[in-house]
Each structure stands twice: as structure tokens, then as C-alpha cells.
Peer 1: 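Sharing a structure with you now.
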Amino acid sequence: MRHLMSPLDFSVEELDRLLDLANDIEKNPDKYAHLCDGKRIATLFYEPSTRTRLSFEAAMMNLGGKVLGFSSANSSSAAKGESVSDTIRMVSCYADICAMRHPKEGAPLVASMVSSIPVINAGDGGHQHPTQTLTDLLTIRSLKGRLDNLTIGLCGDLKFGRTVHSLIEALVRYDNVSFVLISPEELRVPDYIREDVLEANHKNYREVIRLEEALPDLDLLYMTRVQRERFFNEEDYIRMKDFYILDKAKMELAPEDMLVLHPLPRVNEISTEVDNDPRAAYFKQVQYGVYVRMALILTLLEVKVC
Ligand code: CP
């Protein structure tokens with residue numbers, strides 16, 4: 001039995017197969033409509049979510065399966081002190097697979113150690129968000145046609161942004177991918193990403209503060225939100241929250257074929273006036289998230305696809 005804790009749990013070849021499967025699901029949805037008849041996914045969300053929880057549920061329903069779960073710690077027995085390990089033992093009796101989001105880093109890993117069903121990390125604290133990364137990879141490969149030979153700008157909260165950490169770890173495995181890390185000094189990527197991931201894999205990267213400086217060189221801009229929930233003090237959050245705002249004027253500095261991605265939710269960091277720009281791909285990204293989660297469920301449940 002396989003779990004998914006990190007995007008690195010799949011080899012590059014396995015990822016290619018998963019993304020191929022997601023593209024086939026996009027083209028031929030009817031072929032997949034009953035492959036999970038009789039199966040259930042449990043969505044165990046100890047932290048708020050719109051896209052990840054609902055896209056897992058939509059994915060299982062698109063495959064003919066059913067869903068159960070909870071959307072906050074307060075509506076589960078976690079509020080009475082039940083441990084993640086005990087909860088997953090129960091859920092293993094009710095469902096065939098589960099997706100867990102938790103504010104504590106490593107909580108889904110703890111669950112996977114005692115689970116008798118596959119556990120998917122749906123985001124653990126500031127650590128990893130592997131299914132967002134699968135979504136990002138599918139979006140980039142589908143819209144750019146490749147995952148290599150890219151210059152990628154990552155902008156915003158690179159310190160606490162788990163989507164950024166997971167995406168960098170996944171992309172260093174492809175040839176000739178360069179990174180421009182755009183953040184205020186206080187929100188730079190953690191040392192382990194710089195040293196153990198970028199430098200250890202001999203990747204070109206530079207760190208800049210001004211978005212305007214980076215834009216002309218990018219194939220792809222990955223914007224992120226400054227996350228209020230990760231700050232210890234409100235004053236720091238308020239000082240940082242509007243540090244970057246991508247608007248029409250800044251988009252004029254970017255190449256005509258640069259894609260703009262964002263894991264969402266956004267707050268102010270992308271002005272709504274950018275939404276109609278053909279380079280804005282963040283709503284398409286949401287749709288790709290359903291296809292890739294369908295492919296992931298089929299893969300972890302080892303459902304035979306003819
Ligand atoms: N991208 C993402 O994880 O969104 P949610 O927090 O709404 O799930």
C-alpha cells in the first residue's frame with residue numbers, strides 16, 4: 001500500500017505516467033466515470049480549505065465513488081482530544097482512501113504509519129502540499145508543453161509557503177530549470193530549501209526583492225499569498241501583506257507567453273484586472289487539480305485502467 005506525503009514519493013517516470021493519466025481523464029471523462037463505484041474517500045481537514053477538499057470530493061464523485069469526512073478540527077473528536085493516530089484507525093474502517101490536512105507538520109505521516117488505507121497529505125503546516133504540486137506540474141506541462149528548460153519566478157511568502165517548498169523540490173529534478181525567488185527579506189525560502197534542495201541539485205537560482213526586476217526573464221510566475229495564519233504577530237502580517245501586487249502595469253513588463261499561476265486563495269497579491277489577461281492561468285489550474293486528483297486516487301487504489 002502506498003501513501004503520498006511528498007511529491008518526491010513518485011519518481012519522475014511515475015509522475016509522467018500520473019500526468020499522462022490526468023490528461024487522458026481530461027479528454028475522456030466518461031471512460032473513468034465508474035472506475036471507483038463502491039469506493040469511498042474520507043476527507044479529514046483539521047484546517048480550512050476550499051479547493052483541496054472539494055476537488056478531492058469532486059474527483060472521487062467523478063470516478064463514481066462516495067465521500068465522507070469533516071472540514072474542521074472542531075467538528076470532529078479532535079476537539080475532545082482524540083489523536084490523529086486513533087482517528088485514522090477509525091477512518092480505516094469507514095473508507096478506502098483518505099486525504100488529510102493538518103496544521104502540524106508531519107501529522108499525515110504519523111497517520112500513515114498506523115493506517116490500513118492510503119493516506120494523502122493534503123497540506124501539513126508550512127511543510128508540504130504534494131497534491132498542489134501535482135496540480136502545478138500538470139498545469140505547467142499541459143500549457144507550456146514541458147517541465148524542463150524553464151525559468152520560474154516564485155513570489156511572495158516563500159518562508160511559510162508549503163506550495164512553494166513542494167514545487168521547488170519537484171522541479172529541481174528536471175533539466176535546465178532556473179529559479180528566481182522573489183520575496184521580502186523576512187519571507188525568504190528556508191535555508192534547507194536553498195542548501196539541501198537548490199544547491200545540492202546544482203540549480204541556478206537568484207533571490208530578488210523587486211518583482212519588476214524579475215518579470216522580463218520569466219517563463220512562469222508563481223504568485224503566493226502572505227499567510228496570516230502562519231504569522232505569530234499581527235503587526236508583521238500587516239506590514240508584509242501587500243508587499244507584492246501583480247497588476248496590469250507590471251504584466252506589461254512580462255513576456256507575452258509567461259504564465260501566471262497561483263495555488264489560491266488570493267487576497268490582494270493579484271489584482272482582479274489581471275484575471276482576463278490570457279497569461280493568467282490560475283483558474284485553469286483549479287480544473288487541472290480535479291483531473292490530477294482523479295489520477296492519484298486511481299493510482300493509489302491500484303484501479304486497473306484499460
Ligand atoms: N490551494 C489550496 O490548497 O487551496 P485551499 O486552501 O482552498 O485548499
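The analysis underlying the following values was restricted to heavy atoms, covering all of them including side chains, and did not include hydrogens, waters or symmetry mates. Atoms within a ligand are numbered from 1 in the order they appear, just like the ligands themselves. Just so you know, these numbers come straight off a predicted model, no measurement behind them.
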Peer 1: On a heavy-atom basis, I'd like to know which of R51, R101, R225 is closest to atom 6 (O) of ligand 1.
Peer 2: R101
Peer 1: Consider every N or O of Q132 and every N or O of ligand 1, then say whether any pair is closer than 3.5 Å.
Peer 2: yes
Peer 1: With heavy atoms of T52 as the reference, note each atom of ligand 1 found under 4.0 Å away.
Peer 2: 2 (C), 3 (O), 4 (O), 5 (P), 8 (O)
Peer 1: Near T50, which atoms of ligand 1 are under 4.0 Å from a heavy atom of that residue?
Peer 2: 5 (P), 7 (O), 8 (O)
Peer 1: Say whether, by atom type as modelled, one donor and one acceptor occur between the side chain of N121 and the main chain of M5 under 3.5 angstrom.
Peer 2: yes
Peer 1: Please work out, at 4.0 Å between heavy atoms, whether the side chain, the backbone, both, or neither of L264 comes within that distance of ligand 1.
Peer 2: backbone
Peer 1: Using the six-membered ring of F45, assess whether NZ or CZ of R101 lies under 6.0 Å from its centre and within 45 degrees of the ring axis.
Peer 2: no
Peer 1: Following the transitive rule for hydrophobic clusters with a side-chain heavy-atom cut-off under 4.5 Å over Ile, Leu, Val, Met, Phe, Trp and Tyr, establish whether L138 and L143 coincide in one cluster.
Peer 2: yes
Peer 1: Can you find an N or O of P265 that's nearer than 3.5 Å to an N or O of ligand 1?
Peer 2: no
Peer 1: Please say which of E169, E47, E105 ends up in a salt bridge (Lys or Arg N to Asp or Glu O under 4.0 Å) with R162.
Peer 2: E47
Peer 1: So, does E47 sit close enough to ligand 1 that a heavy atom of it is under 4.0 Å from the ligand?
Peer 2: no
Peer 1: Taking the side chain as every heavy atom from C-beta outward, state whether Y244 and I182 have any pair of such atoms under 4.5 Å apart.
Peer 2: yes
Peer 1: Using a strict 4.0 Å cut-off to heavy atoms of H129, name the atoms of ligand 1 that fall inside it.
Peer 2: 2 (C), 3 (O)
Peer 1: Should T87 and S77 be marked as a side chain to side chain contact (heavy atoms under 4.5 Å, CB included) after you check the CA-CA gap, both sets of side-chain angles, and the distance that decides it?
Peer 2: CA-CA 8 Å; T87 301; S77 284; over 6 Å; no
